[in-house]
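Reading through the structure tokens given below for one structure.
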Amino acid sequence: MSLPSAEDARGRDATLAALRAFVAERDWDQFHSPENLAKSISIEAGELLELFQWGGAPDQHRVEEELADVATYCIHLANKLGVDLDEIVLSKLEQTRTKYPVEHSRGSSAKYTELAKKNPEP
């Protein structure tokens with residue numbers, strides 16, 4: 001696994017700065033409570049899911065727009081909570097790596113509790 005590069009970090013910093021400026025210009029921070037942001041993530045995720053509702057290939061542009069909305073609200077929530085997205089994602093990835101060891105989970109969509117039943121510890 002490779003760690004985020006300095007270039008990646010600069011890109012994220014620029015995105016966060018642009019989002020903060022956008023919100024500040026409109027005085028919207030007053031509406032960005034963690035609860036409201038979490039609700040907005042769910043709402044936008046539902047709109048993204050709706051594009052896939054009946055199968056087929058959804059319009060790529062609309063998928064990108066809805067995905068951007070979900071990501072934007074996730075960034076806003078992380079910012080509001082004072083957490084570093086890279087840090088929490090990488091931490092969660094380590095936890096997930098433990099739950100889903102490659103030797104038991106490669107090619108399987110089984111939940112980790114099912115993997116444990118199929119591959120008991122010696």
Side-chain angles (χ1 to χ4, degrees):
M1 172 184 80
S2 63
L3 294 175
S5 69
E7 185 175 320
D8 292 336
R10 282 191 299 276
R12 279 186 304 281
D13 290 345
T15 301
L16 181 55
L19 289 172
R20 284 178 173 163
F22 181 86
V23 169
E25 291 164 354
R26 288 154 182 81
D27 191 25
W28 283 354
D29 191 58
Q30 62 183 316
F31 308 116
H32 286 181
S33 67
E35 177 185 2
N36 286 346
L37 292 168
K39 289 175 187 177
S40 295
I41 291 167
S42 182
I43 291 164
E44 295 299 340
E47 291 177 10
L48 175 61
L49 183 59
E50 183 179 28
L51 297 175
F52 295 91
Q53 184 173 8
W54 303 113
D59 177 81
Q60 181 69 20
H61 179 72
R62 293 210 42 224
V63 168
E64 290 173 13
E65 287 181 337
E66 296 304 337
L67 185 57
D69 287 343
V70 172
T72 295
Y73 281 118
C74 288
I75 292 167
H76 281 311
L77 181 57
N79 182 51
K80 180 61 76 172
L81 296 175
V83 298
D84 181 290
L85 276 176
D86 287 328
E87 187 178 304
I88 64 172
V89 168
L90 292 174
S91 175
K92 181 63 176 183
L93 182 59
E94 282 305 312
Q95 292 173 27
T96 305
R97 188 174 272 124
T98 301
K99 286 183 181 179
Y100 293 92
V102 172
E103 60 273 11
H104 299 309
S105 59
R106 180 182 283 283
S108 172
S109 63
K111 188 173 178 176
Y112 70 94
T113 53
E114 294 302 312
L115 289 173
K117 291 176 187 175
K118 292 178 184 177
N119 301 290
E121 292 295 321

For the CZ atom on Arg106, are there more than 12 heavy atoms of other groups (residues, nucleotides or ligands in this structure) within a distance under 6.0 Å?
no

Step through the shown structure and confirm whether more than 12 heavy atoms of other residues, nucleotides or ligands are within 6.0 Å of CD on Glu50.
no

Say you draw a straight line from [atom1] of [X] to [atom2] of [Y]; how long is it, rounded to the nearest 0.5 Å?
| X | Y | atom1 | atom2 | value |
| --- | --- | --- | --- | --- |
| Glu103 | Leu115 | CD | CG | 10.0 Å |
| Tyr112 | Thr98 | OH | OG1 | 12.0 Å |
| Asp86 | Leu93 | CG | CG | 12.0 Å |
| Ile75 | Thr15 | CD1 | OG1 | 6.0 Å |
| Glu94 | Lys92 | CD | NZ | 12.0 Å |
| Ser40 | His32 | OG | NE2 | 7.0 Å |

Checklist entry - Salt bridge check: are Arg20 and Asp29 linked by an N-O gap of less than 4.0 Å? => result no

Under 4.0 Å between a side-chain nitrogen and a carboxylate oxygen: does that hold for Arg62 and Glu65? no

Which heavy atom of [X] sits nearest to which heavy atom of [Y], and what is that distance?
| X | Y | result |
| --- | --- | --- |
| Gly56 | Pro58 | O-CD, 3.3 Å |
| Ile41 | Tyr73 | CG1-CB, 3.5 Å |
| Val70 | Ala45 | CG2-N, 3.5 Å |

**OP:** Using atom types as modelled and distance alone, determine if a side-chain donor or acceptor of Ser91 lies under 3.5 Å from a backbone N or O of Glu87.
**Re:** no

Counting distance only, does the side-chain N/O of Ser42 pair as donor-acceptor with the main-chain N or O of Ala38 below 3.5 Å? no

- Message: Tell me whether Leu37 shares a hydrophobic cluster with Ile43, the cluster being built from Ile, Leu, Val, Met, Phe, Trp, Tyr side chains joined at under 4.5 Å.
- Response: no

Test log, rule side-chain contact (heavy atoms from CB on, under 4.5 Å), inputs Phe52 and Leu48: CA-CA 7 Å; Phe52 295 91; Leu48 175 61; 4.1 Å; yes

Check: Under 4.5 Å between any side-chain heavy atoms of Ile88 and Leu85, yes or no?
Finding: yes

Quiz item: Would you say Gln95 and Tyr100 make side-chain contact, with heavy atoms under 4.5 Å?
Solution: no

*Kindly determine whether Arg12 and Leu16 satisfy side-chain contact (heavy atoms from CB on, under 4.5 Å), including the steps that lead there.*
CA-CA 6 Å; Arg12 279 186 304 281; Leu16 181 55; over 6 Å; no

Practice prompt. Describe, in one word, how the ring planes of Phe22 and Trp28 are oriented to each other, choosing from parallel (under 30°), tilted (30 to 60°) and perpendicular (over 60°).
Written response: perpendicular

Practice task
Using the side-chain contact (heavy atoms from CB on, under 4.5 Å) rule, take Asp59 and Leu51 through it: C-alpha gap first, then chi angles, then the decisive distance, then the call.
Solution key: CA-CA 8 Å; Asp59 177 81; Leu51 297 175; over 6 Å; no

